[in-house]
Amino acid sequence: MARPKPCHEPLNSAFAKVSNMQEKYHPADIERAAQAHWQQTGAARAVEDPSRPKYYCLSMFPYPSGKLHMGHVRNYTIGDVLARFHKMLGFNVLQPMGWDAFGMPAENAAIQNKVPPAKWTYANIDYMRSQLQRLGFAIDWEREVATCSPAYYRWEQWLFTRLFEKGLIYKKLGTVNWDPVDQTVLANEQVIDGRGWRSGALVEKREIPMYYMKITAYAEELLADLDKLDGWPEQVRLMQKNWIGKSTGVRLAFPYELDGKADKLWVFTTRADTLMGVTFVAVAAEHPLAARAAQDNPALAAFIAECKKGGVAEADLATMEKKGMPTGLCVQHPLSGAPIPVWVGNYVLMSYGEGAVMAVPGHDERDFAFAQQYGLPIRQVIAVPGETFDATVWQPWYGDKTVGVCVNSGKYDGLDHAAAVDAIAADLAAKGLGEKKTQFRLRDWGISRQRYWGCPIPIVHCADCGDVPVPDAQLPVLLPENVEITGTGSPLARMPEFFETTCPKCGKPAKRETDTMDTFVESSWYFLRYACPDNDQAMLDARVNYWCQGGIDQYIGGIEHAILHLLYARFFTKLIRDLGLPGMAPLDEPFKRLLTQGMVVAPTFYREGADGKKCWINPADVDVSTDERGRPRGATLKADGLPVRIGGIETGCRSRRTTGSIPRP
RNA sequence: GCCGAGAUGGCGGAAUCGGUAGACGCAGCGGAUUCAAAAUCCGCCGCCGCAAGGCGUGAGGGUUCGAGUCCCUCUCUCGGCACCA
């Protein structure tokens, strides 16, 4: 690209007057005058101009939580410096700003302060906008978007109906955290040590119907296109690659007969070469086989009920104690025909893969630990020259598929991993009991939320016509703004004036969907809408082609969004490309360059209460004493002059968690 | 538990290829200037030691003439783990 000519703007007289070189810098005067000048001249206004090269500088939009924090200031300063630098180089710069305005904190504030979420959110937006303006960022405020405004979310609903009609959004059961006291679904964040954060009740897993976006249909392209993103940090690309988690393996079946009916239990494995070492299979508590076995086994029924306790967060499931119980049922080994006992495992999830796993204790570390705990057989079926297998102690080579060959596996003895997988897959295929399969760790994206402050899902449930998308002419489905939030149940589900409607197809009385969408949906396309925020006839228009051509030039935001937000945004860009909106040039990837900033940290101070819990103290309330070399030696609370403990350098969220009164030492 | 990143003075951080560890800045200390202060300028500033010297890049091993840098093991911290945003 040819280097563009620099452009200079005349200063107006007010700015010129204060900007003359002075002894001291008076920010109140100089910045006010400079900002007034920029305002009058529309200095930050971005206008499409095909004759000039564009530079689209995007910062992740903030959640309007109340006030800007240091992380915002840092993030938007980086963006502003890049935007101004490129403007000085002569680029036609777009630096927009908006508000990721739906979400849980507004509902929490509503419960606490008895203020409707909409009112709270709009007040925060007004305040934070004024803070950004005082910071003097070169933002084109004419393009501001707030995701909670109907002008924005109507197009999200419009897109939903298109994707629903294409089958890219579908309905299936999903597992959620259920608070049995508050009778409400909880976010993972609201489950603390397996209990509801407000009620304190033990949380249960519950399966409910939800809408899912078929992101797995794009798994292959989302993975392959990571290679094109050479303007992204390597670590972020690697994290996304591992998250998508492409693996090749074998989907195979264990046949069984139950109640006089023949059936098959399907599992997926990347280690088909160890198939002859299977000594049991484990199914999820919700698996039909588990339910069937529990019918005449009260102890098993009690265990299954216990498995349903606790939340659904993967980190909790992965760290909890592995427990299991035999069902008393057996399935047949697909090759040897030997009986294989079926166990229920609390670590097997119905929503992952087939809801069942085959266990090879000899060559999988977790299966090994489980087998030892419950006295299940451990069989060696892989050998490495010079190494001795000992069924009482796990050794790393047991699970390493890059070394060793099959043993104790009959005709497969002597084959290495790849050859054994091929041979076993061929034999399974011949029997109709399996085939090679590519599998992704990535799961379809559940977007239904049983919450009020979000974008209503534009579906009408009709007894005769089923799930009917709301026709374009009836969009947007408006979210009522004056509601009372109690923290129990979903407010929309208690509002007949919202959900009572008629079927768009047959006209009979019908019920409107009361779930709202995951707020990640809004943040998956806002960067495209900045190009045409005023269009009330279409979601996007040709202005997107100008600003987003070749990708948004620079995206800046926190590393915490390295996977979910950035993957969803990439997914939406491809979805929108494939919808082929009129006048829109195809765009494969939204962000050409990505800059992920770290977390802002600061010194922390705390006291320990009688119960041993740390109570974090605002650094502004602390006096720090130092020695003659400037090293901190002690700290006291200004209010009582008594010592507080120095907690080191940490992220701001520590002090945010401060609750209750500060204990005396 | 799994994936990713990291650990260097009181603090933020340099050291691009394996070659003088701590550039630059902040804080601190000393001095100049000043009636005094602020501001400014000059100097000192890893730890122990009067010094000579010794020690030192999260811990422990290893490779090398030489390791902050490469290899192995471990510890801790941070981000994410699909309903926080």
Side-chain angles (χ1 to χ4, degrees), chain A residues 23-25 60-65 69 71-72 99-108 147 174-179 184-192 197 203 206 208 210 212-213 215-216 233-245 311-322 347 349 351-352 365-366 369 396 441-451 454 515-523 557-568 596-603 624-633 646 648-651 653-654 656-657:
Chain A
E23 276 289 306
K24 284 189 177 174
Y25 180 60
M60 289 182 187
F61 64 169
Y63 177 80
S65 52
H69 56 64
H72 291 130
W99 310 96
D100 187 14
F102 277 137
M104 276 201 326
E107 295 193 18
N108 296 336
T147 57
T175 315
V176 295
N177 304 305
W178 178 254
D179 185 323
T184 198
V185 175
L186 298 178
N188 286 335
E189 191 190 54
Q190 297 171 312
V191 179
I192 298 156
W197 67 343
V203 166
R206 178 174 278 204
I208 58 168
M210 305 207 299
Y212 281 81
M213 297 198 77
I215 191 171
T216 53
E234 190 54 46
Q235 94 216 43
V236 174
R237 291 197 280 171
L238 185 57
M239 280 191 265
Q240 292 216 352
K241 182 185 174 206
N242 292 339
W243 183 262
I244 295 167
V312 299
E314 194 192 288
D316 296 333
L317 295 168
T319 49
M320 74 184 176
E321 195 197 339
K322 307 273 181 291
Y347 60 97
L349 292 179
S351 46
Y352 292 11
E365 190 167 4
R366 284 170 306 175
R441 203 187 77 95
L442 182 69
R443 309 195 299 266
D444 277 341
W445 174 14
I447 56 167
S448 293
R449 297 292 179 271
Q450 299 69 44
R451 273 181 241 298
D515 281 358
T516 54
M517 285 188 229
D518 180 1
T519 58
F520 269 123
V521 178
E522 284 90 65
S523 56
I559 185 69
E560 68 274 20
H561 293 297
I563 295 176
L564 290 179
H565 162 62
L566 287 166
L567 191 66
Y568 293 149
T596 49
Q597 64 156 359
M599 310 289 284
V600 173
V601 295
V624 180
S625 59
T626 55
D627 67 8
E628 74 286 350
R629 291 185 188 269
R631 293 174 292 206
R633 276 295 170 263
I646 299 174
I649 306 292
E650 307 221 38
T651 59
C653 59
R654 290 270 182 267
R656 216 167 54 209
R657 286 181 199 140

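Order of the sequence lines sets the chain letters (A, B, ...), proteins ahead of strands, with each chain counted from 1.
Put simply, CZ on A/Arg441 is 13 Å from P on B/C2, counting in whole angstrom units. With rounding to whole Å, A/Gln190 atom CD is found 8 Å from B/C84 atom P. Rounded to whole Å, atom C1' of B/C2 lies 10 Å from atom NZ of A/Lys322. To the nearest angstrom, C1' of B/A5 lies 14 Å from CD of A/Glu560. For the pair A/His565 NE2 and B/A85 P, the interatomic distance rounds to 13 Å; values are reported in whole Å. A straight line from OH of A/Tyr568 to C1' of B/C81 spans 11 Å, rounded to a whole angstrom. Going from atom CD1 of A/Ile559 over to atom C1' of B/G80 covers 9 Å, rounded to whole Å. For the pair A/Asp518 CG and B/A85 C1', the interatomic distance rounds to 10 Å; values are reported in whole Å.
Comparing atom distances between the A/Glu314 side chain and each of B/G1, B/G4, B/A85 picks out B/G1 as nearest. For A/Trp243, the side-chain atoms get nearest to B/C81 when compared with the rest of B/G4, B/A85, B/C81.
Side chains of A/Asp518 and A/Trp445: a donor-acceptor N/O pair is present below 3.5 angstrom, by distance only. Checking A/Asp444 against A/Thr216 by side-chain atom types alone, a donor-acceptor pair falls below 3.5 Å.
Comparing the P positions of B/C70 and B/A52 gives an interatomic distance of 35 Å, to the nearest angstrom. B/C3 and B/C48 have their P atoms separated by 42 Å, with the value rounded to a whole Å.
Checked by atom type and distance alone, the side chain of A/Arg206 never pairs as donor or acceptor with a backbone atom of A/Trp178 at under 3.5 Å. A donor-acceptor contact shorter than 3.5 Å is absent between the side chain of A/Asn177 and the backbone of A/Val185. Of the possible donor and acceptor atoms, none in the side chain of A/Glu107 sits under 3.5 Å from a partner among the backbone N and O of A/Met104. A donor-acceptor distance shorter than 3.5 angstrom exists from the side chain of A/Gln240 to the backbone of A/Ala562, with no hydrogens or angles considered.
Ranked by how close their nearest RNA chain B nucleotide is to the 5' end, A/Ala313 and A/Thr319 are led by A/Thr319. Across the interface with RNA chain B, nearest-nucleotide mapping of A/Ala315 and A/Glu189 shows A/Ala315 to be the residue nearer the 5′ end.
Base contact: A/Val176 has a heavy atom under 4.0 Å from a base atom. Within the 4.0 angstrom heavy-atom criterion, no nucleotide atom of any strand lies near A/Ser523. Across all strands, A/Val185 comes closer than 4.0 Å to base atoms (heavy-atom distances).
A/Asp179 CG to A/Thr184 OG1: the interatomic distance, rounded to the nearest 0.5 Å, is 7.5 Å.
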For A/Val312 and A/Val191, run side chain to side chain contact (heavy atoms under 4.5 Å, CB included): C-alpha distance rounded to whole Å, both residues' side-chain angles, the deciding distance at 0.1 Å, then the answer. CA-CA 9 Å; A/Val312 299; A/Val191 179; over 6 Å; no

Which dot-bracket string describes RNA chain B (Watson-Crick N1-N3 plus N6-O4 or O6-N4, or G-U N1-O2 and O6-N3, all under 3.5 Å; [ ] crossing; | other strand)? (((((((..(((......[....))).(((((.......))))).(((....)))..(((((..]....))))))))))))....

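The side chain of A/Asn242 places an N or O atom within less than 4.0 Å of a non-bridging phosphate oxygen (OP1 or OP2) of B/G4.
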